[in-house]
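Worksheet: one structure, shown below.
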Amino acid sequence: MSVAKKDYKRITTKSLIEMKANGEKISMLTAYDFTMAKIVDTAGVDVILVGDSASNVMAGHETTLPITLDQMIYHASSVVRAIERSLVVVDLPFGSYQSDPKEALRSAIRIMKESGGHAVKLEGGKEIKDSIKKILNAGIPVMGHLGLTPQSIYKFGTYTVRAKEEQEADKLIEDALLLEKLGCFAVVVEKIPAHLAEKVAQSISIPVIGIGAGGNVDGQVLVIHDMLGMNNEFSPRFLRRYMNLFEGMTTAIGQYVADVKSKDFPNEKEQY
């Protein structure tokens with residue numbers, strides 16, 4: 001029996017768990033600045049992820065590793081000021097939580113206090129359980145992240161699909177069950193086989209958000225620069241481009257340059 005879609009005026013961690021229970025898919029996109037976050041929130045996206053992917057798309061780094069906690073707080077605070085409905089989840093950056101649960105808690109507290117974000121996201125399972133417990137015990141909501149974890153790229157050596165082998169797949173399921181048991185409110189699974197992602201979603205009661213993990217999970221997330229076609233050099237199989245902003249913006253800016261050079265801009269109506 002289908003359940004009528006609930007109209008949420010404000011998305012909370014509880015809202016997401018209700019959505020899963022009611023069979024309503026969860027939409028999630030990244031944002032890193034006020035203007036973009038305002039558009040994303042107005043469009044009705046349920047969750048805005050202030051991702052450490054800002055290291056790539058905003059700062060031009062090859063990996064997510066260089067971005068700092070201060071920089072994540074800057075981006076997150078810009079996003080929070082823009083939103084009225086979406087839940088804002090903020091990535092804890094590489095080096096701010098892996099080695100010491102106390103440092104993990106300090107990092108999470110800084111994000112919550114200084115940015116106003118609603119939750120934090122950490123990459124990993126059993127190996128970071130103590131950090132997750134410490135953060136959760138302080139009353140800070142945690143979203144997990146399994147599968148391809150970009151902060152561990154030098155460990156993996158590649159961005160290829162994860163958990164294709166039975167041993168890694170079994171560990172991923174165990175980690176998902178652990179994250180649920182610890183008290184995480186949701187889990188992102190990145191670039192894993194669709195059948196495995198579906199199994200994870202069926203195995204736990206908290207929402208499973210996929211990226212490159214097929215359609216039989218509880219929601220989807222994409223990097224906004226990718227789905228809007230602002231980045232024309234990144235074309236994985238899982239990406240659907242909803243616009244080609246690279247082409248459109250290049251054309252528009254080129255026209256502006258031409259109009260300035262030809263003295264067509266500004267015209268008489270565009271001056272005081």
Do any side-chain atoms of residues 222-231 form donor-acceptor pairs under 3.5 angstrom with protein atoms, and if so which ones, sequence neighbours left out?
{"from": "Asp226", "atom 1": "OD1", "to": "Asn231", "atom 2": "ND2", "distance (Å)": "3.4"}
{"from": "Asn231", "atom 1": "OD1", "to": "Glu233", "atom 2": "N", "distance (Å)": "3.0"}

hydrophobic_cluster_shared for [Y] and [X], side chain cutoff 4.5 Å:
X: Tyr74; Y: Leu69; value: no
X: Ile39; Y: Val88; value: no
X: Val79; Y: Leu16; value: yes
X: Leu29; Y: Phe34; value: no
X: Leu177; Y: Val189; value: yes

Is it the case that the side chain of [X] and the backbone of [Y] share a donor-acceptor pair, with hydrogens and angles ignored and the cut-off at 3.5 Å?
X: Lys25; Y: Gly215; value: yes
X: Glu168; Y: Arg162; value: no
X: Thr149; Y: Glu123; value: no
X: Gln202; Y: Lys199; value: no
X: Asn22; Y: Glu24; value: no

Side-chain polar contacts of residues 45-56 - donor-acceptor pairs under 3.5 angstrom, sequence neighbours left out - could you list them?
{"from": "Asp46", "atom 1": "OD1", "to": "Arg85", "atom 2": "NH1", "distance (Å)": "3.3"}
{"from": "Asp46", "atom 1": "OD1", "to": "Arg85", "atom 2": "NH2", "distance (Å)": "3.2"}
{"from": "Asp46", "atom 1": "OD2", "to": "Ser27", "atom 2": "N", "distance (Å)": "3.0"}
{"from": "Asp46", "atom 1": "OD2", "to": "Ser27", "atom 2": "OG", "distance (Å)": "3.2"}
{"from": "Asp52", "atom 1": "OD2", "to": "Gln151", "atom 2": "NE2", "distance (Å)": "2.7"}
{"from": "Ser53", "atom 1": "OG", "to": "Tyr32", "atom 2": "OH", "distance (Å)": "2.6"}
{"from": "Ser55", "atom 1": "OG", "to": "Thr63", "atom 2": "O", "distance (Å)": "2.8"}
{"from": "Asn56", "atom 1": "ND2", "to": "His61", "atom 2": "O", "distance (Å)": "3.1"}
{"from": "Asn56", "atom 1": "ND2", "to": "Glu62", "atom 2": "O", "distance (Å)": "3.3"}
{"from": "Asn56", "atom 1": "ND2", "to": "Thr63", "atom 2": "O", "distance (Å)": "3.4"}

Heavy-atom closest contact ([X] atom, [Y] atom, distance):
X: Ser115; Y: Ile73; answer: CB-O, 3.9 Å
X: Tyr97; Y: Ile128; answer: CE1-CD1, 4.0 Å
X: Met112; Y: Pro141; answer: CE-CD, 4.2 Å
X: Lys20; Y: Ala201; answer: NZ-O, 2.7 Å

Only counting residues at least two apart or in another chain, list the ones meeting salt bridge (Lys or Arg N to Asp or Glu O under 4.0 Å) with [X].
X: Lys134; result: none
X: Asp264; result: none
X: Glu174; result: none
X: Lys14; result: Glu18

Taking the side chain as C-beta and beyond, is there a heavy-atom pair between [X] and [Y] under 4.5 Å?
X: His118; Y: Ile83; value: yes
X: Ile192; Y: Leu148; value: no
X: Val188; Y: Met143; value: yes
X: Ile135; Y: Leu122; value: yes

Q.
Is it the case that atom CD in Glu84 sees more than 12 heavy atoms from other parts of the structure closer than 6.0 Å?
A.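 Count not over threshold, so no.
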
Q: Could you tell me whether Glu268 atom CD has more than 12 heavy atoms of other residues or ligands within 6.0 Å of it?
A: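 Count not over threshold, so no.
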
**Q.** Sidechain N-carboxylate O distance under 4.0 Å for Lys126, Asp175
**A.** no

Separation of [Y] [atom2] from [X] [atom1] (nearest 0.5 Å):
X: Met72; Y: Ser77; atom1: CE; atom2: OG; answer: 10.5 Å
X: Ser107; Y: Lys102; atom1: OG; atom2: NZ; answer: 14.0 Å
X: Ile132; Y: Leu178; atom1: CD1; atom2: CG; answer: 7.0 Å
X: Phe185; Y: Ile17; atom1: CZ; atom2: CD1; answer: 8.5 Å

Q.
Arg240 vs Gln220, test: side-chain contact (heavy atoms from CB on, under 4.5 Å). Steps then yes/no.
A. CA-CA 12 Å; Arg240 181 183 295 182; Gln220 300 293 328; over 6 Å; no

Q: Take Glu103 and Ser131 through the side-chain contact (heavy atoms from CB on, under 4.5 Å) test and state the conclusion after the steps.
A: CA-CA 8 Å; Glu103 182 182 14; Ser131 291; over 6 Å; no

**Q.** Evaluation steps, side-chain contact (heavy atoms from CB on, under 4.5 Å), between Leu146 and Leu179
**A.** CA-CA 10 Å; Leu146 301 172; Leu179 293 177; 3.9 Å; yes

Q: Begin from the C-alpha positions of Glu180 and Val208 and carry the test side-chain contact (heavy atoms from CB on, under 4.5 Å) through to its verdict.
A: CA-CA 11 Å; Glu180 178 186 31; Val208 174; over 6 Å; no

Q: Go through the steps to decide whether Ser86 and Asp41 satisfy the test side-chain hydrogen bond (donor to acceptor under 3.5 Å, both in side chains), and finish with yes or no.
A: CA-CA 6 Å; Ser86 302; Asp41 181 67; 2.9 Å; yes

